[in-house]
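What follows is a single structure, written as structure tokens, with notes after it.
Side chains included, hydrogens not; waters and symmetry mates left out as well; all remaining heavy atoms used.
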2 protein chains.
Amino acid sequence: MSSKAAPLSQIDNKPLRARVLDSLREAIVAGDLKPGQPLLENELAAQLGVSRAPLREAFQILSHEGLVETVAYRGTVVRKLTKQDIEELYSLRCVFEQFAIRRIIAANNPLDVALLRELFDAMLLAAESGDLKQVNLIDRQFHDTLIELSRHQLLHQAWSMVTLRVRQVMALRNRRNSVLTQIAYNHVPIIEAIEAGDEARAMFLIQEHVVSARDLIVEMWDNGDEPTP
Amino acid sequence: MSSKAAPLSQIDNKPLRARVLDSLREAIVAGDLKPGQPLLENELAAQLGVSRAPLREAFQILSHEGLVETVAYRGTVVRKLTKQDIEELYSLRCVFEQFAIRRIIAANNPLDVALLRELFDAMLLAAESGDLKQVNLIDRQFHDTLIELSRHQLLHQAWSMVTLRVRQVMALRNRRNSVLTQIAYNHVPIIEAIEAGDEARAMFLIQEHVVSARDLIVEMWDNGDEPTP
DNA sequence: AAATGGTCGTTTGTCGACAGTAGACAGTCC
DNA sequence: GGACTGTCTACTGTCGACAAACGACCATTT
């Protein structure tokens with residue numbers, strides 16, 4: 001965000017609600033606030049050292065992002081994730097990425113591919129040093145970059161709704177390490193298909209990629225959709 | 001929203017912010033609040049007879065829906081619609097509808113097609129009696145129904161962001177009457193393709209449909225993207 | 001015993017008041 | 001004269017307090 005050569009870093013002057021929002025969102029997608037957990041306004045306000053007003057304004061956004069659920073006069077809880085939620089999440093994610101890739105291919109800008117290759121190199125590096133956290137971070141960056149390179153603000157906005165909850169899902173399960181370098185190498189054919197302008201192949205590959213990611217999650221998702229008898 | 005055979009209609013017990021939200025949203029998508037128009041909190045609160053708190057909470061949602069733009073300490077204005085916005089709007093809309101139709105075809109439920117045919121009949125009826133407003137309403141319902149029949153909550157949520165602003169766009173231009181019955185008949189081949197399970201054809205048709213709708217708007221969009229010199 | 005009705009405590013919903021900020025305007029120094 | 005600086009104002013941001021609504025519990029009635 002900040003320009004890199006600035007002698008003095010910019011003072012964070014964002015409204016409180018924005019900082020509260022970021023804080024809560026991070027806690028939710030990181031899994032610190034568990035699904036189903038009620039968010040009491042008084043308690044949270046005291047904990048964050050703010051009044052209820054900015055907190056409530058942050059809740060509005062979170063609710064619209066689908067991270068929490070608010071019932072009038074009943075309160076706000078972290079949204080639960082059912083198996084169906086996950087199916088929907090990944091299926092829409094796939095649609096978004098396919099659309100983004102189509103646009104990238106149509107734009108046909110060599111710099112785009114170069115950027116993706118850069119990310120891949122970084123991911124490979126992290127994988128070889130066994131840094132799982134870093135691999136995950138770059139993996140996320142890779143897919144976020146796909147969306148950004150599509151240069152479609154509205155898509156970008158819609159994407160944020162999906163990617164936030166995907167992060168939440170990944171945080172809530174114990175990610176098996178799998179083979180790190182294998183994860184990294186999975187991205188190569190996608191980049192190559194984009195580079196070659198082979199739309200059909202890119203569509204197929206990204207779908208495979210997302211579906212396999214989904215399957216990893218879904219099969220080990222323990223909580224049932226309908227816990228009521 | 002309300003069930004139709006209820007002897008007593010439900011008393012509106014929604015929180016103020018929700019009613020404020022609906023009111024503002026309707027005013028914006030109907031074009032009563034013009035793009036660029038500043039929304040002064042005090043003024044609007046007085047006008048609606050509420051305090052600023054629920055109004056501000058409504059602003060949060062509207063901002064997240066892309067209908068207004070809020071700058072910290074500067075205020076909130078109705079979001080302007082540039083040509084690029086419209087391009088993005090319709091391109092994403094197309095992606096959403098294609099995805100919805102793929103799911104409808106996959107579900108292969110005859111009742112879905114029946115419902116769509118029903119809507120078509122109603123549209124045709126309205127078109128023949130020259131009721132432009134009604135045709136537009138049913139046209140909207142038709143496309144909303146496509147999304148709903150996909151039975152994909154997340155898609156439905158993302159769709160609302162798109163459809164709201166499409167309504168705004170349509171409200172802001174003076175819709176040429178064109179040939180009403182022609183508009184209605186445009187939907188027939190789409191329904192037939194769904195019925196036949198011909199995915200490729202349905203994809204093509206809905207794209208044509210959306211693109212032609214977009215072209216009608218874009219070509220007569222007068223305001224430039226960058227009015228600043 | 002089941003169902004109805006009332007009370008109470010907790011939590012959210014709303015309000016009015018105060019503090020803070022950005023931009024506009026005018027004044028001052030070079 | 002030009003540019004910087006100080007003030008002023010209208011608006012947003014935040015707060016604490018009060019009102020309203022819900023759910024749980026208990027008393028009452030049939």
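Across the interface with DNA chain D, nearest-nucleotide mapping of A/A72 and B/L39 shows B/L39 to be the residue nearer the 5′ end. The residue among A/G49 and A/Y73 whose nearest nucleotide of DNA chain D is located toward the 5' end is A/G49.
When heavy atoms are screened at a 4.0 angstrom cut-off, A/R17 is found touching the sugar-phosphate backbone but no base atom. Residue B/R56 is in base contact, counting any heavy-atom pair closer than 4.0 Å across all strands shown. Within the nucleic acid shown, B/L55 has no heavy atom closer than 4.0 Å to any nucleic acid atom.
Separating the CZ atom of B/F59 from the P atom of D/dT12 is a distance of 8 Å, rounded to the nearest angstrom. In this entry the distance linking CD of B/E41 with P of D/dG13 reads 6 Å, nearest Å. Between the CG atom of B/N42 and the P atom of D/dG13 there is a distance of 12 Å, rounded to whole Å. When rounded to the nearest whole Å, the span between CZ of B/R19 and P of D/dA20 equals 14 Å.
Remark: B/R74 is not in phosphate contact with D/dT12, judged by side-chain N or O atoms under 4.0 Å from OP1 or OP2.
The environment of A/R74 atom CZ is sparse: at most 12 non-hydrogen atoms of other residues, nucleotides or ligands sit within 6.0 angstrom.
Between A/R151 and A/D112 a salt bridge is recorded (basic side-chain N to carboxylate O distance below 4.0 Å). Salt bridge annotation for A/R19-A/D22: absent, with no cationic side-chain nitrogen under 4.0 angstrom from a carboxylate oxygen. Electrostatic pairing of A/E97 and A/R102 does not count as a salt bridge here, judged by no charged N lying under 4.0 Å from a carboxylate O.
Between the side chains of A/T163 and A/H143, no donor-acceptor pair is found at a separation under 3.5 Å.
Taking 4.0 Å as the cutoff to heavy atoms of chain B, we find the contact window on DNA chain C bounded by C/dG13 to C/dG23.
For the atom pair CG (A/L146) and CH2 (A/W159), the distance works out to 8.0 Å, reported to the nearest 0.5 Å.
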